[in-house]
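Notes for the one structure printed next.
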Amino acid sequence: MERIPILKLHDLLLVTIQVDMHDRLAMTLQDDLMHQIRRTRARGVLIDISALDLVDSFIGRLIGEIASMARVMDAETVLVGMQPAVAITLVELGLSLGGVRTALNVERGMQLLREGSPEEEASGHASIDH
Amino acid sequence: MSVQSLPLAGVAATIIKEHGDELLDEWMASLAEVADLAQAGPKARPDAAEFLRLLVAGLAESAQIDLQGTEWRAMREFLVELSNRQAEWGFSPVDTAEFLMALKRPLASLMQRVGGSDGRWLESWQQVNQVIDRWALYTMEVVQANREATIRRQQQEMLELSTPVIQLWDGITAVPLIGTLDSERTQTVMESLLTSIVENHAEIAIIDITGVPTVDTLVAQHLLKTVAAARLMGAECIISGVRPTIAQTIVHLGIDIGSVATKASLADALKLAFRRRGCKVESCNQ
Amino acid sequence: MPASTIERLQVACEEDLVRVRQRVRTMAAEIGLSLVNQTKIVTAASELARNMLKYGGGGETEFERVERNGLIGLQLTFRDSGPGIENIEMAMTDGYTTGGGMGLGLSGSKRLVNDFAIQSAPGQGTTVTVIRWK
């Protein structure tokens, strides 16, 4: 069965979406991600959508759900690389993904996750390599 | 436009064809009486001759007034060229129409003189008259359409000119807005700002509204949408140049600008941007 | 006026939504819509086709290049013969849903296009027609 690959980078998971996903594929990705977070004890999830030329309300809602579910499992999600045309369209559609953190690219997204919140740093969880 | 039949146009066509040169002389003479057209230029006569030729050809093939018909294609092309050429020379659309209308009087007297014995001349003249009127109006439409296209192009050019996006620093981009913001212009600004965020890897975008006289609900909404879209892309917006009157308007209109950072001046916004980027500015002299 | 050809695609499963999006993207690019406007109409098409699949039991999408008053645009029609909508006004409200979605399908897609028309009655199916002008 067709699947979106999930890469593990140290304590982060990286998903690069490059195809126009049909709904079932997107839902499979959500399931897979949750299992991977549990299995790898990942602290953060990066979803790279720089290659996507469309995010509709279905995919938008799914991304929002991923972020909320991951948070419950103690992992932060950062959505990276949204194209301007996609961002304008999403806002016009009425979806602002308030609960999702964002970054310009994967590199900045990683930085954001590594910085973490002050509380995490204090408890020594923040990152493995500096 | 309704399609009218011209059963007797052929009568006029034959007369115009047979007495072409004579008619042309009289047309030029009647043209000279219209002051503005006195200097219609050396091309007036060849243009008139071409119009007559195409009119005869069109009438011979067409039994109807149908300006869009294939039999009138050559006429349409000729008149588009003529109207635009005359407009470039500085003639008004009315001048070009009058140029064609000046044919009507000489044509009437010619047809009365030559075709007087044929009882159908009057009716035939009336029908050709309608055709000439339609073509005269057509030249005005051509110029009008041309002008509208020019205005649209200029508007587009102005839109692009009036929305420069400046890269202020590594990762900091700014767009100074000047003048009244309408919906279309705000959209252009929004798009160029977001594009520059990607191009310059800008994490902070400053929207400076110092030069904007008023902000209404619609403009405020557009600004907030831009901020929301930038955030989705991973960039933060700072709105600077918020004057007291605009602050008052925003509050009175009940617009919720939520968590958007606002600063009184561009300098303050830049300071905030530096701080967020972890930059420090120091004076060398101390 | 050039003769316009109407293209049609059936929407009966999720994979068809992808086909609709791709077809709209290609046509919008051919017409010369800006990237932002392409994205808007493709997104609207995705929302409306999904609605049709979810609430109307599938249906048909029509794609047509239209010209009016010197403007060129892309017109899309979504037609199903499902149960129809009882209260269109309510269905057009942000956040209103009967299917567990976000309730942005109709109201959101209306904001993404220039012209939006909806026809529906209980038992008569639903037809939504949208146009995005160049």
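Below, chain A is the first sequence line, B the second, and so on; all start at residue 1. Quick note: numbers below take in every heavy atom, side chains included, and nothing from hydrogens, waters or symmetry partners.
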State whether Arg25(C) and Asp20(A) are salt-bridged, where the test is any N-O pair (Lys NZ or Arg NE/NH1/NH2 against Asp/Glu carboxylate O) under 4.0 Å. no
Between Arg21(C) and chain A, which part of the residue has a heavy atom less than 4.5 Å away: side chain, backbone, both or neither? side chain
For Met92(C), is the CE atom crowded, meaning more than 12 foreign heavy atoms sit under 6.0 Å from it? yes
Crowding at CD, Glu107(A) (>12 non-hydrogen neighbours, <6.0 Å): no
Roughly how far apart are Leu25(A) CG and Glu15(C) CD, rounded to 0.5 Å? 9.5 Å
Rounded to the nearest 0.5 Å, what separation is found between the CD atom of Gln38(C) and the OG1 atom of Thr89(A)? 10.5 Å
Under 6.0 Å from the CZ atom of Arg38(A), do we count more than 12 heavy atoms belonging to anything else shown? no
Which value, rounded to the nearest 0.5 Å, describes the distance between Leu93(A) atom CG and Lys110(C) atom NZ? 14.5 Å
Comparing Leu35(C), Val18(C), Leu17(C) against chain A, the one with the most heavy-atom pairs below 4.5 Å turns out to be Val18(C)
Please say whether more than 12 non-hydrogen atoms of neighbouring residues, nucleotides or ligands are located less than 6.0 Å from NZ in Lys134(C). no
Nearest 0.5 Å please: distance from the OG atom of Ser109(C) over to the CD atom of Glu92(A). 12.0 Å
Mark yes when over 12 heavy atoms from residues, nucleotides or ligands other than Arg41(A) sit less than 6.0 Å from its CZ; otherwise mark no. no
Taking everything shown except Glu65(A) itself, do over 12 heavy atoms lie less than 6.0 Å from its CD? yes
Roughly how far, to the nearest 0.5 Å, is CD1 of Ile88(A) from OG1 of Thr39(C)? 8.5 Å
Quick check: are there more than 12 heavy atoms from other residues, nucleotides or ligands sitting under 6.0 Å from CD of Gln119(C)? no
Greatest number of non-hydrogen atom pairs under 4.5 angstrom with chain A, of Gln22(C), Lys40(C), Arg50(C), falls to Arg50(C)
To the nearest 0.5 angstrom, please state how far the CG atom of Leu90(A) sits from the OG1 atom of Thr43(C). 7.5 Å
